[in-house]
Amino acid sequence: MGQILGSYNARNVDLYMDDKPTFDPQAGFPFERKQREMIAKEEDLISAKIPPSKRDYCAHFLLEYQVCRYKNMPMVYKCAHEKHNYLNCEQQDYVLRMKEFERERRLRLREQRLVGAA
């Protein structure tokens, strides 16, 4: 059983953190949503010794930050811009994942209401 994430209402629809989306990602949107892509290449992440837990959609910013730290080692304060870009990307990624989680929860609740009404 996966880890429960979200509010108490997420438990009512049997929604867990590791669950894959069960609904069409385009459903309910009047425009075409583009799928997210990894910008950093796996070989680059391996050669930079980025741990698997950090290999997400923001890994290319982490690579830039690590390169900057390597070049400016005693004076890592010069990499504040790269660090800010990475942390900002991580925060935006978190918000997007929470929005997708909430969308999944609401669609499951809607499905339960429609099945119960029929």
Side-chain angles (χ1 to χ4, degrees):
M1 180 153 43
Q3 183 179 1
I4 295 177
L5 181 73
S7 66
Y8 180 74
N9 292 335
R11 295 181 186 109
N12 295 342
V13 291
D14 196 34
L15 182 59
Y16 299 96
M17 180 169 103
D18 302 334
D19 290 354
K20 300 290 181 209
T22 55
F23 297 94
D24 178 25
Q26 304 299 331
F29 289 95
F31 56 89
E32 184 75 20
R33 296 171 71 194
K34 69 177 192 174
Q35 190 170 355
R36 298 177 74 193
E37 297 176 5
M38 281 289 293
I39 296 174
K41 293 180 177 58
E42 189 68 25
E43 306 87 51
D44 295 339
L45 298 174
I46 292 170
S47 67
K49 297 181 181 173
I50 304 294
S53 62
K54 300 282 188 188
R55 296 178 190 176
D56 56 6
Y57 293 106
C58 299
H60 59 288
F61 288 115
L62 181 58
L63 278 173
E64 290 175 8
Y65 178 52
Q66 295 288 44
V67 166
C68 181
R69 284 177 49 112
Y70 180 76
K71 288 180 179 177
N72 301 298
M73 190 43 189
M75 298 170 283
V76 292
Y77 64 88
K78 291 184 176 182
C79 302
H81 182 71
E82 288 81 0
K83 183 177 181 181
H84 173 77
N85 286 342
Y86 172 65
L87 294 176
N88 192 38
C89 179
E90 285 288 318
Q91 192 267 340
Q92 289 175 352
D93 180 57
Y94 177 78
V95 169
L96 184 61
R97 285 185 289 120
M98 291 304 104
K99 285 180 179 180
E100 290 297 323
F101 182 88
E102 182 65 16
R103 177 178 184 266
E104 182 73 20
R105 185 186 71 81
R106 289 179 183 210
L107 287 172
R108 287 186 185 190
L109 285 172
R110 179 178 181 262
E111 186 178 58
Q112 281 182 355
R113 275 196 319 268
L114 292 175
V115 168

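Quick caveat: nothing in here was measured; it's all calculated off a predicted structure. Here, residue 1 is the first one in the sequence, and each next residue gets the next number.
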[X] side chain near [Y] side chain, heavy-atom distance below 4.5 Å:
{"X": "L109", "Y": "Q112", "answer": "yes"}
{"X": "K83", "Y": "V76", "answer": "no"}
{"X": "Y86", "Y": "E64", "answer": "no"}

Is it the case that one hydrophobic cluster holds both [X] and [Y], taking links as side-chain heavy atoms less than 4.5 Å apart, direct or via other members?
{"X": "L45", "Y": "V67", "result": "no"}
{"X": "Y65", "Y": "Y94", "result": "no"}
{"X": "F61", "Y": "I50", "result": "yes"}
{"X": "L62", "Y": "L87", "result": "yes"}

(request) Please list all pairs passing the salt bridge (Lys or Arg N to Asp or Glu O under 4.0 Å) test where one or both residues lie in residues 33-44, with sequence neighbours left out. (result)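 Residue pairs passing salt bridge (Lys or Arg N to Asp or Glu O under 4.0 Å), neighbours aside: R33-E100, R36-D93, E42-R55.
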Could you grab the distance from atom [atom1] of [X] to atom [atom2] of [Y], nearest 0.5 Å is fine?
{"X": "N85", "Y": "H81", "atom1": "CG", "atom2": "NE2", "answer": "4.0 Å"}
{"X": "L96", "Y": "C89", "atom1": "CG", "atom2": "SG", "answer": "10.0 Å"}
{"X": "R105", "Y": "M98", "atom1": "CZ", "atom2": "CE", "answer": "12.5 Å"}
{"X": "K78", "Y": "M73", "atom1": "NZ", "atom2": "CE", "answer": "13.5 Å"}

(message) So that I can tick it off, tell me whether E111 and R108 are bridged by a salt bridge, with the cut-off set at under 4.0 angstrom between side-chain N and carboxylate O.
(response)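 No, R108 and E111 are not salt-bridged.
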(request) Give a yes or no on whether the backbone of C68 and the side-chain of N72 come within a donor-acceptor separation of less than 3.5 Å. (result)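 Yes.
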(request) Would you check if the side chain of E104 reaches a backbone N or O of T22 as a donor-acceptor pair within less than 3.5 Å? (result)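 Between the backbone of T22 and the side chain of E104 there is a qualifying donor-acceptor contact (under 3.5 Å).
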(request) Tell me, yes or no, whether the heavy-atom count around M75 atom CE, taken from other residues, nucleotides or ligands under 6.0 Å, exceeds 12. (result)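 More than 12 within 6.0 Å, yes.
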(request) Could you tell me whether R97 atom CZ has more than 12 heavy atoms of other residues or ligands within 6.0 Å of it? (result)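 Above 12, so yes.
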(message) Looking at every non-hydrogen atom in both residues, tell me the closest pair between D24 and R103 and how far apart they are.
(response)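 Taking D24 first and R103 second, the nearest heavy atoms are O-NH2, 3.2 Å.
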